[in-house]
Amino acid sequence: MSIAFVFPGQGAQTIGMGKALADAYPAAKAVFDEVDAALGESLSSLIWEGDIETLTLTQNAQPALMATSMAAMRALEAEGVSIDKAAFVAGHSLGEYSALAASGALSLADTARLLRTRGQAMQSAVPVGVGAMAALLGLDFETVKAVAAEAAAEGEVVQAANDNDPTQVVVSGHKAAVERAAEIAKEKGAKRAVMLPVSAPFHCALMQPAADVMAEALAGVEIKALAVPLIANVRADAVTDPDTIRQLLVEQVTGSVRWRESVEAMAAKGVTEFWEIGAGKALSGMIRKIDRALVSKQVGTDADVKAVSGA
């Protein structure tokens with residue numbers, strides 16, 4: 001049996017996430033303390049006692065979800081389960097940073113600061129209301145790429161942003177173009193087209209200003225050798241070279257999250273079990289739709305940690 005550790009992206013955040021881990025494991029509590037220190041504020045108070053609207057702001061959700069994932073990793077380590085248990089790591093969008101922190105490539109403090117910068121840059125790249133994202137249900141990735149090409153008008157952007165699973169592809173871009181894509185998708189047999197409650201159009205060309213910010217930010221941090229290979233979002237293949245990873249993290253801001261292909265690549269390399277490390281179970285749901293033979297386990301609470309570690 002080969003295992004991959006996978007890390008969730010934005011949308012998985014909830015008030016109280018990680019609290020049970022912090023209460024049960026001093027090493028997990030230390031993660032939140034270190035993130036608070038790196039950001040110069042009590043993000044942990046927002047996560048555990050704040051309001052969901054403030055937590056959901058991109059600049060808060062991104063480091064908060066990473067902190068919760070890393071708290072789960074530290075709890076696993078306390079029970080004798082190290083990163084070496086995994087054959088690969090992968091993350092959905094911001095989850096790629098969590099995966100890199102878990103594999104030792106990025107320090108926890110650098111990861112928190114990078115995600116705060118990434119969240120702010122992505123939010124400010126496009127004025128609120130100009131962009132949008134929509135989930136197109138029931139069409140495959142190639143069909144959605146054709147839909148996006150048809151929906152793009154003169155000077156307007158719309159791209160296939162997230163290839164989540166065989167039943168769900170997300171498009172991102174200018175609001176009017178995304179709405180056109182939703183209508184075209186229905187004409188082409190989509191079961192539904194759902195406008196997403198997001199504050200910016202992620203993973204499309206409109207995010208280029210944010211990509212430029214991240215290129216500068218990433219140039220200033222050390223990326224060490226990985227303990228476990230990363231299956232990168234934009235390549236859907238294994239990478240280990242730090243300089244390559246630095247470049248792919250920049251490309252990821254405007255590029256597609258190739259999650260379906262990433263899971264298929266890991267399965268082709270012998271992975272049979274996926275541990276979703278951190279908040280929620282969205283990735284597990286996608287993995288089941290990609291291949292029902294694959295096993296998924298959530299690792300987001302102290303009870304989860306004990307269950308998977310045999311403690």
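In this structure, Thr143 OG1 and Lys188 NZ are separated by 8.0 Å, a value rounded to the nearest 0.5 Å. Here the NZ atom belonging to Lys306 is positioned 9.0 Å from the OG1 atom belonging to Thr301, to the nearest 0.5 angstrom. With rounding to the nearest 0.5 Å, the separation of CD1 in Ile231 from CD in Glu96 is 10.0 Å. Here the CG atom belonging to Leu226 is positioned 12.0 Å from the CZ atom belonging to Phe88, to the nearest 0.5 angstrom. The line from OG of Ser69 to CG of Leu94 is 8.0 Å long, rounded to the nearest 0.5 Å. Interatomic distance, Arg235 CZ to Leu248 CG, rounded to the nearest 0.5 Å: 4.5 Å.
By the 4.5 Å heavy-atom criterion applied to side chains, Val89 and Leu230 are counted as neighbours. Looking at Phe5 and Val228, their side chains never come closer than 4.5 Å, going by heavy atoms from C-beta outward. Leu249 places a side-chain heavy atom less than 4.5 Å from the side chain of Leu100. Side-chain contact between Leu46 and Thr54: present, with at least one pair of heavy atoms (C-beta onward) separated by less than 4.5 Å. The side-chain heavy atoms of Ile277 and Leu76, taken from C-beta on, include a pair separated by under 4.5 Å. Side-chain atoms of Trp259 and Ile290, non-hydrogen and from C-beta on, do get closer than 4.5 Å to each other. Between Ile15 and Asp51, the closest side-chain pair of non-hydrogen atoms is not below 4.5 Å. In this structure the side chain of Met214 never reaches within 4.5 angstrom of the side chain of Gln252, judged on heavy atoms.
Checked by atom type and distance alone, the side chain of Thr244 never pairs as donor or acceptor with a backbone atom of Thr240 at under 3.5 Å. In terms of modelled atom types and a separation under 3.5 Å, the side chain of Asp36 and the main chain of Leu43 share a donor-acceptor contact. In this structure, the side chain of Asn162 does not engage the main chain of Val170 through any donor-acceptor pair within 3.5 Å. His203 contributes a side-chain N or O that, together with a main-chain N or O of Gly255, makes up a donor-acceptor pair within less than 3.5 Å. Remark: the backbone N or O of Val221 is paired with a side-chain donor or acceptor of Arg246 at under 3.5 angstrom. Between the side chain of Trp275 and the backbone N or O of Val6, no donor-acceptor pair lies under 3.5 Å. When atom types are taken as modelled, the side chain of Asp23 and the backbone of Ala20 share no donor-acceptor pair closer than 3.5 angstrom. Judged by distance alone, the side chain of Asp165 and the main-chain N or O of Ile287 form no donor-acceptor pair under 3.5 Å. For Thr111 (side chain) and Tyr97 (main-chain N/O), no donor-acceptor pair under 3.5 Å exists by modelled atom type. Counting only distance, with no hydrogens or angles, the side chain of Gln159 and the backbone of Ser256 share no donor-acceptor pair below 3.5 Å.
Residues Val157 and Val234 are members of one and the same hydrophobic cluster, defined by side-chain heavy-atom contacts under 4.5 angstrom among Ile, Leu, Val, Met, Phe, Trp and Tyr. A continuous path of hydrophobic side-chain contacts links Leu39 to Leu218 [ILVMFWY only; heavy atoms under 4.5 Å]. Cluster membership check: Met122 does not share its hydrophobic cluster with Val257, using side-chain heavy-atom separations under 4.5 Å among Ile, Leu, Val, Met, Phe, Trp and Tyr. Criterion: ILVMFWY side-chain heavy atoms under 4.5 Å apart, direct or through other members. Under it, Phe202 and Val158 are not part of a common hydrophobic cluster. Cluster annotation: Met73 and Ile47 are assigned to the same hydrophobic cluster (Ile/Leu/Val/Met/Phe/Trp/Tyr, side-chain heavy-atom contacts under 4.5 Å, transitive).
No hydrogens or angles considered: nothing links the side chains of Ser93 and Gln10 as a donor-acceptor pair under 3.5 Å.
Shown here for Leu115 and Pro63, the closest heavy-atom pair between the two residues is CB-N, 3.9 Å. The nearest pair of heavy atoms linking Leu21 to Asp302 is CD2-N, 3.6 Å. Pairing each heavy atom of Ala134 with each of Val178, the nearest pair is CB-CG1, 3.7 Å. Annotation for Ala182 and Ala193: closest pair CB-CB, 3.7 Å, computed over non-hydrogen atoms. The heavy-atom pair separating Ala181 from Val171 by the smallest distance is CB-CG2, 4.4 Å. Scanning both residues, Ala72 and Gly278, for their nearest heavy atoms gives CB-N, 4.2 Å.
Under 4.0 Å is where a charged nitrogen must lie from a carboxylate oxygen, and between Arg74 and Glu34 no such pair does. Electrostatic pairing of Lys269 and Asp237 counts as a salt bridge here, judged by a charged N lying under 4.0 Å from a carboxylate O. A salt bridge is absent between Lys281 and Glu276: the closest approach of a Lys/Arg side-chain nitrogen to an acidic carboxylate oxygen does not fall below 4.0 angstrom.
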* Test Ser309 against Lys85 for side chain to side chain contact (heavy atoms under 4.5 Å, CB included), laying out the working first. => CA-CA 11 Å; Ser309 66; Lys85 177 91 171 176; over 6 Å; no
* **Verdict with supporting geometry, Asp110 and Arg113, side chain to side chain contact (heavy atoms under 4.5 Å, CB included)** => CA-CA 5 Å; Asp110 280 344; Arg113 287 189 288 261; 3.2 Å; yes
* To do: Begin from the C-alpha positions of Met66 and Val35 and carry the test side chain to side chain contact (heavy atoms under 4.5 Å, CB included) through to its verdict.
  => CA-CA 9 Å; Met66 182 278 299; Val35 169; 4.2 Å; yes
* Asked: Between Glu183 and Lys186, is a salt bridge (Lys or Arg N to Asp or Glu O under 4.0 Å) present by the stated rule, with each step listed?
  -> CA-CA 5 Å; Glu183 291 307 312; Lys186 290 175 190 171; 3.5 Å; yes
* What's the verdict on side chain to side chain contact (heavy atoms under 4.5 Å, CB included) for Met17 and Leu65, showing C-alpha distance, side-chain angles and the deciding distance? -> CA-CA 8 Å; Met17 63 183 183; Leu65 284 160; 3.9 Å; yes
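Applying the 6.0 Å contact sphere to CD of Gln208 captures more than 12 heavy atoms from other residues, nucleotides or ligands.
Test Glu264, Arg260, Met286 against Pro166 for side-chain contact (heavy atoms from CB on, under 4.5 Å) and you get one pass: Arg260.
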